Amino acid sequence: MDFIDQQAIDRALPFEDLVNALQKAFASDIETPLRNHYDIPNPESSRETTLLMMPSWQAGSDIGIKLVTVTPESYKFDLPSIQGTYVLFDAVRGCVKATMDAPALTAKRTAAASALASRFMSRPDSRKLLMVGTGTLSSQLIRAHASVRPIEDVIIWGRNPEKAQAIAELDNLSGFNIQVADDLNQAVSEADIISVATMSKEPLIMGEWLQEGQHLDLVGAYRPDMREADDDCIRRSRIVVDNYTGACKETGDIATPLANGVLQQEDICADLFQLCRQERAFLRNDKDITLFKSVGHALEDLAAAQLVVKSLA
């Protein structure tokens, strides 16, 4: 059994196919317990290392588990912030079917989940995307959103302009009209879709900047002490999350407004399970500001891993 690396995963998971696979998975009988989340002190960093153990299974088919570390300051060692392995088992025979690069799988399925939410939530004529953040996810999110909306123009903003320029020059983004922004407020005002994937502990997107009709895609802020959008973003938006349990507990973008009374759980319109199962409909008008908060779900990893194995068979 060979280890499936980043390059093979990228080839095996075109976003058009992966977004459709996730939509089917959210409506399926896949079972996913709450992930195990451990914050471990890191003497080499000002922030903890997080260990995530994320299992999911489909009876009679497959069992998958992702083991990853999230180390925000691993850039000091020229390493990505997310590292780990995904293991896919045969649920009937019990044998290992495949092992694969977890960060690559995570990046693809995370971006595809945002695109799936955008398919339900953003304006169908959205053509201009603002990408906030310059990490591994940024190019994946641009390509994923463009798989469901006619994205032509892309603005990239990051704290480090050199990193933003490097993203703009990637070969796999050559089909877009790309510019690097130095004024985040101005960039937000120009975009149809705003995708944010950062490790920020303080809000980057201010609600007063948002315009009618925009869609805000929040992908970072995976801990309660992290935030990418301020309370005004929450107040002004119609909100969907990928799953209630994780979003209401693990991310500061939702947990903090809930704790402070800015948001009530019943104000959240739906999660992806309800939308994909057609238990709730999300109907927007042109003036709505919509917000999707992604925290990640092991079901997404299993669906992506199954598609990788199928594509490479």
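Here the structure is a predicted model, which means the values were calculated and not measured.
Atom CD of Gln7 is surrounded by more than 12 heavy atoms from other residues, nucleotides or ligands within 6.0 Å. Counting heavy-atom neighbours within 6.0 Å of Asp286 CG, excluding the residue itself, gives a total of 12 or less. The environment of Lys76 atom NZ is dense: over 12 non-hydrogen atoms of other residues, nucleotides or ligands sit within 6.0 angstrom.
Rounding to the nearest 0.5 Å gives a distance of 10.5 Å between CG of Leu210 and OG of Ser189.
Shown here are the side-chain hydrogen bond (donor to acceptor under 3.5 Å, both in side chains) partners of Glu279, two or more places apart in sequence or in another chain: there are none. For Arg127, the side chain to side chain contact (heavy atoms under 4.5 Å, CB included) partners at least two apart in sequence or on another chain are Pro150, Glu152, Asp192.
Taking 4.0 Å as the cut-off between side-chain N and carboxylate O, Glu190 and Lys128 count as a salt-bridged pair. The pair Arg109-Asp301 meets the salt-bridge criterion, since a charged nitrogen lies less than 4.0 angstrom from a carboxylate oxygen.
Pairing each heavy atom of Phe15 with each of Ala112, the nearest pair is CE2-N, 4.0 Å. Shown here for Ala304 and Leu13, the closest heavy-atom pair between the two residues is O-CD2, 3.7 Å.
Summarising the hydrophobic clusters (Ile, Leu, Val, Met, Phe, Trp, Tyr; side-chain heavy atoms under 4.5 Å, direct or chained), the residues clustered with Leu170 are Leu129, Met131, Leu137, Leu141, Ile142, Ile151, Val154, Ile156, Ile167, Leu173, Phe176, Ile178, Ile193, Val219. Other members of a hydrophobic cluster containing Tyr75 are absent, since no ILVMFWY side chain comes under 4.5 Å of it, directly or through relayed contacts.
Residues Asp217 and Met121 have side chains not in contact (no heavy-atom distance under 4.5 Å, counting atoms from C-beta outward).
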Practice task
Please test Thr71 against Gln83 for side-chain hydrogen bond (donor to acceptor under 3.5 Å, both in side chains), starting from the C-alpha separation and ending with a verdict.
Solution key: CA-CA 8 Å; Thr71 312; Gln83 301 175 75; 5.3 Å; no
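The stretch residues 253-277 participates, sequence neighbours left out, in these side chain to side chain donor-acceptor pair (under 3.5 Å) pairs: Tyr244-Gln274. Pairs passing the salt bridge (Lys or Arg N to Asp or Glu O under 4.0 Å) check and including a residue from residues 14-33, sequence neighbours excluded, do not occur.
Between the side chain of Arg284 and the backbone N or O of Thr290 there is no donor-acceptor pair closer than 3.5 Å. A distance-only check finds no donor-acceptor pair linking the side chain of Arg238 to the backbone of Asp288 [under 3.5 Å]. Thr99 places no side-chain N or O within donor-acceptor distance of the main-chain N or O of Val87, the cut-off being under 3.5 Å. Remark: the backbone N or O of Gly296 is paired with a side-chain donor or acceptor of Asp242 at under 3.5 angstrom.
Between Phe26 and His297, the ring-plane angle classifies as tilted under the 30° and 60° cut-offs.
Arg119 and Asn20 are linked by a side-chain donor-acceptor pair at a separation below 3.5 angstrom, with hydrogens and angles left out of the test. No donor-acceptor contact under 3.5 angstrom links the side chains of Thr110 and Gln140, judged on distance only. Side chain to side chain, Thr198 and Glu228 meet the donor-acceptor criterion of an N or O pair below 3.5 Å.
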